[in-house]
Amino acid sequence: MKIKSIRQIKSLKGKRVFLRLDLNVHIRRNEVVEMHKLRMALPIIDYLLKKEARIIIASHLGRPKGKKDDKYSMEPVVRALENLLKTKIKFSKQIIGKAVIKKSKTLKNKEIMILENLRFESGEKDNSVDFAKSLSDLADIYINDAFAVSHRAQSSVDKIKKYLPSYAGFLLEKEINNLSLAFKPKKPFLAVIGGAKISTKVKLLENLSKSANKILIGGALANTLLLAKGNEVGKSLVDKDSLSWSKKFIKQKEVKEKILLPSDFLVENSKKEVVMKKIKDVNKTDKIYDIGPDTILEFSREIKKAQTLIWNGPLGMFEKKKFKQGTMSIARSLALQSKKEAVCIVGGGETVEALSALDYKEYINWISTGGGAMLSFLAKEDMPGLKGLIK
Ligand code: 3PG
């Protein structure tokens with residue numbers, strides 16, 4: 001895979017660089033609470049500072065509806081990035097227009113300006129040509145270092161490339177190189193897939209059913225597949241829209257051989273008690289919230305045999321303390337196998353959050369900044385943000 005890298009630009013000195021980052025992070029009480037994406041953005045910013053560029057950073061945050069919404073302002077992100085970089089950063093509330101063009105032109109070399117949330121303008125999500133053109137007026141060069149949003153057809157990752165010489169940043173390059181390891185995996189190749197919605201993982205599951213040796217399933221994804229197989233899952237969360245696809249999928253011979261579904265769970269019963277149950281004992285009023293100890297053992301045994309591992313999506317409702325055991329145990333098994341011998345690639349917002357509490361996370365080879373983008377890339381879907389930047 002050939003990447004049009006920022007390193008190919010001979011001189012960046014004095015150039016206005018539009019740096020598209022994915023700074024879509026969790027904010028609680030006006031503070032950034034998960035720093036992974038911010039830290040991963042530091043190498044490209046440091047590089048541009050060293051090369052004496054003038055830096056215009058742009059990102060989306062959350063899903064505002066195409067108009068200003070203070071809840072989604074970039075201001076807390078600006079402060080967090082200032083702390084990490086130990087540099088003053090300018091903040092522009094205007095995203096496009098004469099005033100911000102002027103600000104971009106008066107930026108000095110090695111100065112940074114961050115624009116307000118791109119999704120405050122409806123043109124961003126509409127992939128509007130006019131909006132892309134207006135963004136391009138702010139810069140001489142465009143860098144995409146926002147892998148995590150590169151699966152979206154949105155102006156600042158897609159259409160803007162028409163109007164500026166465009167290159168990939170370091171993080172984009174690293175994401176591509178690391179995630180591509182899953183295309184030529186050392187065998188046995190094992191995937192752990194959890195989370196709530198099958199619909200976002202259909203293509204990946206179809207691909208994995210061909211390339212992987214084993215697929216371990218947890219979370220509401222497992223509930224849906226168990227229901228599709230005719231099991232009782234009570235009042236547990238299921239992805240109803242994907243039920244008919246699930247029924248066809250789970251019937252295939254190849255799939256049956258490769259997919260491993262949980263055999264026991266932590267469930268909340270009708271009296272709101274948390275109890276352990278085998279799948280055959282789950283009744284109409286139960287709610288499944290986590291995988292049980294037998295499943296943890298069985299999954300960990302499989303993980304210990306693997307040479308390549310990928311993981312996306314929690315295996316239970318890990319945000320609640322009493323249901324985090326399954327996800328954390330599997331995270332630990334993955335990290336330990338990665339420490340021993342396997343290549344391990346992990347991604348997805350909640351998955352990364354689960355990992356941040358784990359001691360051995362440094363053994364994991366790659367923690368992707370992408371959730372949906374990681375799934376798209378691994379499913380070999382066309383990604384608008386990568387178009388023209390990789391061949
Ligand atoms: C993410 O966090 O996965 C990316 O920033 C994409 O966000 P989106 O799903 O709101 O487009």
Side-chain angles (χ1 to χ4, degrees), residues 19-28 32-41 44 57-67 69 71-74 76-78 80-81 95 114-128 131-132 143-160 168-169 171-172 174-176 178-179 193-204 219 239 310-314 319 345-356 366-379 381-387:
L19 176 61
R20 178 50 161 112
L21 297 176
D22 186 308
L23 303 177
N24 184 24
V25 289
H26 285 152
I27 312 265
R28 240 172 264 140
V32 175
V33 289
E34 171 52 56
M35 304 296 271
H36 182 60
K37 283 185 176 174
L38 264 55
R39 289 205 185 93
M40 299 301 264
I44 189 76
I57 294 177
S59 175
H60 68 286
L61 181 68
R63 293 178 177 171
K65 307 262 175 280
K67 58 180 190 321
D69 181 343
K71 205 163 66 219
Y72 297 110
S73 171
M74 292 292 291
V77 180
V78 175
L81 211 50
I95 299 164
I114 298 191
L115 304 180
E116 184 52 289
N117 191 341
L118 292 167
R119 288 188 184 166
F120 283 1
E121 295 283 341
S122 59
E124 169 65 357
K125 274 190 100 175
D126 297 344
N127 204 10
S128 133
F131 183 62
I143 308 287
N144 180 0
D145 216 15
F147 174 78
V149 68
S150 291
H151 57 315
R152 303 281 184 223
Q154 301 188 352
S155 288
S156 68
V157 286
D158 186 14
K159 287 277 158 62
I160 192 169
L171 178 58
L172 194 84
K174 276 189 161 173
E175 288 277 9
I176 289 165
N178 280 292
L179 295 178
I193 309 291
K197 281 203 160 248
I198 287 207
S199 50
T200 57
K201 293 173 183 168
V202 160
K203 243 194 158 167
L204 178 66
D239 184 356
I310 62 169
W311 176 32
N312 186 298
E319 57 274 33
I345 303 160
V346 169
E350 287 167 317
T351 320
V352 174
E353 226 172 293
L355 270 182
S356 59
W366 186 244
I367 302 179
S368 177
T369 50
M374 172 182 170
L375 296 174
S376 285
F377 188 81
L378 293 176
E381 287 170 357
D382 281 338
M383 294 178 65
L386 304 187
K387 223 171 28 195

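Everything numeric in this text was worked out from a predicted model, so none of it was measured. Atoms within each ligand, like the ligands themselves, are counted from 1 in listed order.
Of the options Glu124, His60, Glu121, a side chain to side chain donor-acceptor pair (under 3.5 Å) to Ser156 is made by Glu124 and by none of the others.
Asn24 places a side-chain N or O within donor-acceptor distance of the main-chain N or O of Gly62, the cut-off being under 3.5 Å. For Glu116 (side chain) and Leu118 (main-chain N/O), no donor-acceptor pair under 3.5 Å exists by modelled atom type. Using modelled atom types, one side-chain atom of Asn127 and one backbone atom of Ser155 make a donor-acceptor pair closer than 3.5 Å.
Residue Gln154 does not touch ligand 1, judged by heavy-atom distances below 4.0 Å. Counting heavy atoms closer than 4.0 Å to ligand 1, residue Lys125 contributes nothing at all.
Here is the list of ligand 1 atoms found below 4.0 Å of a heavy atom in His60: 4 (C), 5 (O), 6 (C), 7 (O). In summary, the atoms of ligand 1 found under 4.0 Å from a heavy atom of Arg152, numbered by their order in the structure, are 8 (P), 9 (O), 11 (O). For ligand 1 and Arg119, the ligand atoms under 4.0 Å from any heavy atom of the residue are 8 (P), 10 (O), 11 (O).
Of the candidates His26, Arg63, Lys37, Lys37 brings a heavy atom nearest to atom 1 (C) of ligand 1.
By the salt bridge (Lys or Arg N to Asp or Glu O under 4.0 Å) test, Lys159 is found to be paired with no residue, residues two or more places apart in sequence or in another chain being considered.
In terms of protein heavy atoms, atom 3 (O) of ligand 1 is closest to Ala148 O, 4.0 Å. For atom 4 (C) of ligand 1, the closest non-hydrogen atom on the protein side is Asp22 OD2, 3.2 Å.
Between the side chains of Asp22 and Thr369, no donor N or O sits under 3.5 Å from an acceptor N or O.
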